[in-house]
Engineer: 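The structure's right below; bear with me while I get my questions together.
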Amino acid sequence: MSETVNLPAELRDRAGKGTARAARRAGRVPAVIYGAGKDPVSVTIETRLMKRELNRPGFFARLFTIEVGGKKEQVLPRDLQMHPIKEEPLHFDFLRVSKGSTVSVAVPVRFLNEETSPGLKRGGVLNIVRHDVEVDCSPNAIPEHIDVDLSEADIGDSLHISGVKLAKGVTPTISDRDFTIATIVAPSAVKAEAAEEEEGAEAAESTEAAEE
Amino acid sequence: MLSPKRTKYRKQHKGRIKGMAKGGTELNFGAYGLKATTPGRVSARQIEAARRAITRHMRRVGKLWIRIFPDVPVSQKPQEVRMGSGKGSPEWWAARVKPGRIMFELDGVSREMAEQAFILAAAKLPVQTRFVTRIGEEG
């Protein structure tokens, strides 16, 4: 697990869109900290800091230390609202984590040995089914990424969660089935061309029908 | 080209596209996406042209998702017809796109190839667009 990042925050005494917008105008992003049986706390954090953290991989799988009014709290990001066009963060949800608790986190998947994979060497395409895998673990033992080894994967192979080595105490949230993380599929050049030709013929037919 | 299999009513009001997209604003399938930043009606032909541009550029790799569907019938009057005598007949299908909407998603290709494919696709579309990636994959 990587080191936790410190995020200085300011208390937000009043909730609501007016104060939230005022905070955003001042270059801060509103957030809420909840959980661990305590009352929720509304805070604001510098937008610049949050954007920097967002640009690093695995934002939702990293612990942060938020300093509010002299008190430090260990938190895990749970939700994020983004502006649909500007792609600026609008609001964050943070969950307080306490020792001994278990959290479910989406951990990003990292693919190893892509260069030596026989399937990819032969022109196969890595079809990623899950970019991240949700796991249950202790907050202090969240893996940075889940490593999937492609060194023996050939065309037509599927990589399942059962083939991934997880650290002790880390279990996938989906436990009722052996779900797929990625597959290596055959190059689809021939298929795509055939489909295109078919669709072209269909389009011609439909325009003829419309003209009639 | 994409079109609905059946519809409840043949013709629809023109309407206005107001506000921003409230859904479909984040990448759900692929690693890269093409997001609309202005509102507009994207026709089935334009979607098809963009799809072809993307698939031809990618050649044999990757996977494409189309996240918009043209479900609005657009009617037109024939040429040299006087005004009045009712609404014209449905001629083509359009998707109403609001700013913020992810229209296409791509996966299984390099970032450079995805960017280039989306530049070609954007040239076929009537809305301004932006290339987007997943959170944490910037730079």
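Chain naming here is simple, since letters A, B, ... match the order of the sequence lines and numbering starts at 1 in each.
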Engineer: How about residues 66-75 of chain B versus chain A: which residues have heavy atoms under 4.5 Å apart?
Structural biologist: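 Counting heavy atoms that sit under 4.5 Å from chain A, no residue of residues 66-75 of chain B is involved.
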
Engineer: With a 4.5 Å heavy-atom cut-off, do T129(B) and L34(B) have their side chains touching?
Structural biologist: yes

Engineer: Do you know which of I102(B), D107(B), T37(B) has the most heavy-atom pairs with chain A at a distance under 4.5 angstrom?
Structural biologist: D107(B)

Engineer: Suppose we call two aromatic rings close when their centres sit under 6.0 Å apart. Are F59(A) and F64(A) close by that rule?
Structural biologist: yes

Engineer: Spell out, as yes or no, whether a donor-acceptor pair under 3.5 Å connects the side chain of T38(B) to the backbone of Q128(B).
Structural biologist: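 Looks like yes, one N/O pair under 3.5 Å.
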
Engineer: Sorted by first residue and then second, give each salt bridge (charged side-chain N to carboxylate O under 4.0 Å, His left out) pair with at least one member in residues 148-167 of chain A; sequence neighbours left out.
Structural biologist: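 As it turns out, the salt bridge (charged side-chain N to carboxylate O under 4.0 Å, His left out) pairs with a partner in residues 148-167 of chain A, which skip direct neighbours, are R122(A)-D154(A).
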
Engineer: Does some side-chain heavy atom of L112(A) sit less than 4.5 Å from a side-chain heavy atom of L150(A)?
Structural biologist: no

Engineer: Which residues, numbered in order, of residues 81-100 of chain B come under 4.5 angstrom of chain A by heavy-atom distance?
Structural biologist: P99(B), G100(B)

Engineer: For R96(A), run the side chain to side chain contact (heavy atoms under 4.5 Å, CB included) check against L76(A), V41(A), I66(A) and tell me which one passes.
Structural biologist: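 Per the side chain to side chain contact (heavy atoms under 4.5 Å, CB included) rule, the option paired with R96(A) is V41(A), out of L76(A), V41(A), I66(A).
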
Engineer: Using the ring centroid of each side chain, check whether F118(B) and Y32(B) are separated by less than 6.0 Å.
Structural biologist: no

Engineer: Is chain B contacted by the side chain of L126(A), its backbone, both, or neither, given a heavy-atom distance below 4.5 Å?
Structural biologist: backbone

Engineer: Hey, does L63(A) have a side-chain heavy atom less than 4.5 Å from the side chain of V75(A)?
Structural biologist: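 No. Closest side-chain heavy atoms not under 4.5 Å.
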
Engineer: Below 4.5 Å from any heavy atom of chain A, which atoms of R101(B) appear? Answer side chain, backbone, both or neither.
Structural biologist: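 For R101(B), no heavy atom lies under 4.5 Å from chain A.
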
Engineer: Taking atom CE of M58(B) and atom CG of L120(B), what is their separation to the nearest 0.5 Å?
Structural biologist: 11.5 Å

Engineer: Got a sec, which residues hit salt bridge (Lys or Arg N to Asp or Glu O under 4.0 Å) with R78(A), two or more places apart in sequence or on another chain?
Structural biologist: none

Engineer: Can you check whether L90(A)'s main-chain N or O pairs, donor with acceptor, with R24(A)'s side chain at less than 3.5 Å?
Structural biologist: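 Checked: pair present.
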
